[in-house]
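Notes follow once the structure below has been shown.
Given the structure is predicted, the values throughout are model-derived calculations rather than measurements. Throughout, protein chains are lettered first and strands after them, A, B, ... in sequence-line order, and every chain is numbered starting at 1.
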Number of protein chains: 2
Amino acid sequence: MMVKSKLKLVEVDYASEGEANCKALGQIFERIGDKWTIMIVGALSRGPMRFNALQRSIPGLSHKMLTTTLRGLERDGLVTRTAFATIPPRVDYELTEQGSSLHEPLLTLASWARSQQSYIEGARKRFDERAEE
Amino acid sequence: MMVKSKLKLVEVDYASEGEANCKALGQIFERIGDKWTIMIVGALSRGPMRFNALQRSIPGLSHKMLTTTLRGLERDGLVTRTAFATIPPRVDYELTEQGSSLHEPLLTLASWARSQQSYIEGARKRFDERAEE
DNA sequence: CAGGATCCGGACGGATACTG
DNA sequence: CAGTATCCGTCCGGATCCTG
């Protein structure tokens, strides 16, 4: 069953909210913004995965960072952890409903990154060349 | 004139691309993911702003982080810097077309954060309580 | 006002070694 | 296999001081 996640684009002015609210949203952005969070949610969007499979699927992701990020996602209720008492042990990670609802916004962002990639790379190159006087 | 930015949700599988491409996208995510980037783009989405106005509009943003982030955005071609040779000097920062095209994806994300805020806070609380055995 | 330069503590994250 | 624990270098980012 698909998760209904058609987000209304309400007037969320994420920069100029009340201070308290701004801080709260900031805490959430800190998780979302995390490079590995994005990758992991992307990987899990296709279904449950085991720890090592997850790590192998994301180049550059270290053992430590994977566990840390997974704990964070679990804490936020975006990912569930299921351990099987087999030998060798097996642990599956899976997106919760809320976790998978995050996938669509991230896809939007990824799509943007894709479409702007060459522009940004060009801008960076020009900027750097200009900087070497 | 509104920037046309209806992004097609193509099959961007941001987790399992080629290694090279993954690295490249990662570099872009690093900028987007940055807490302050999000805030600054949000603030600038309403129009050009001066340095100090920008800083005051975002609670907790230090002098140094503002300049650093602005340089980054300028380097990526997402923000323009315009200096007026007046006394005292005045510098306006403004989103480029590409920069403002980032605003909509970010709004989507902010909207998601908003809608999941209480859920996440609850999940965190429960997780933390459960952790104190 | 806008910012560069410098110092410095603390957090982040990699490598390694050890458990169940 | 799936972690936890520890060590330790690096870099981030705040505070401060100084320029045009």
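Residue B/Arg50 has a polar side-chain atom (N or O) positioned under 4.0 Å from OP1 or OP2 of C/dA2. Between C/dC1 and B/Tyr93, no contact under 4.0 Å exists linking OP1 or OP2 to a side-chain N or O.
Atom CZ of B/Phe51 is separated from atom P of D/dG20 by 18 Å (rounded to the nearest Å). For A/Arg56 and D/dA2, the CZ to C1' distance is 12 Å, given to the nearest whole Å. Separating the CG atom of B/Asn52 from the P atom of C/dC1 is a distance of 5 Å, rounded to the nearest angstrom. Straight-line distance from the CE atom of B/Met49 to the P atom of C/dC1: 16 Å, rounded to whole Å. Summarising the geometry, the separation between NZ on A/Lys35 and P on C/dC12 is reported as 16 Å, rounded to the nearest angstrom. The CG atom of A/Leu61 sits 11 Å away from the P atom of C/dG13 (whole-angstrom rounding). Regarding B/Leu54, its CG atom lies at a distance of 14 Å from the P atom of C/dC1, rounded to whole Å.
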Practice prompt. Determine, for nucleotides 15-20 of chain C in 5'-to-3' order, which nucleotides have protein heavy atoms under 4.0 Å from the base (write B), from only the sugar-phosphate (write S), or from neither (write -).
Written response: B----B

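Shown for residues 65-86 of chain A: residues whose heavy atoms fall under 4.0 angstrom of DNA chain D, namely A/Thr67, A/Arg71, A/Arg81.
Using a 4.0 Å cut-off between charged side-chain N and carboxylate O, B/Glu121 and B/Arg124 make no salt bridge.
Not one N or O on the side chain of A/Tyr93 forms a donor-acceptor pair closer than 3.5 Å with the backbone of A/Glu74. Side-chain atoms of A/Glu30 never come within 3.5 Å of backbone atoms of B/Lys35 as a donor-acceptor pair (strictly under, hydrogens ignored).
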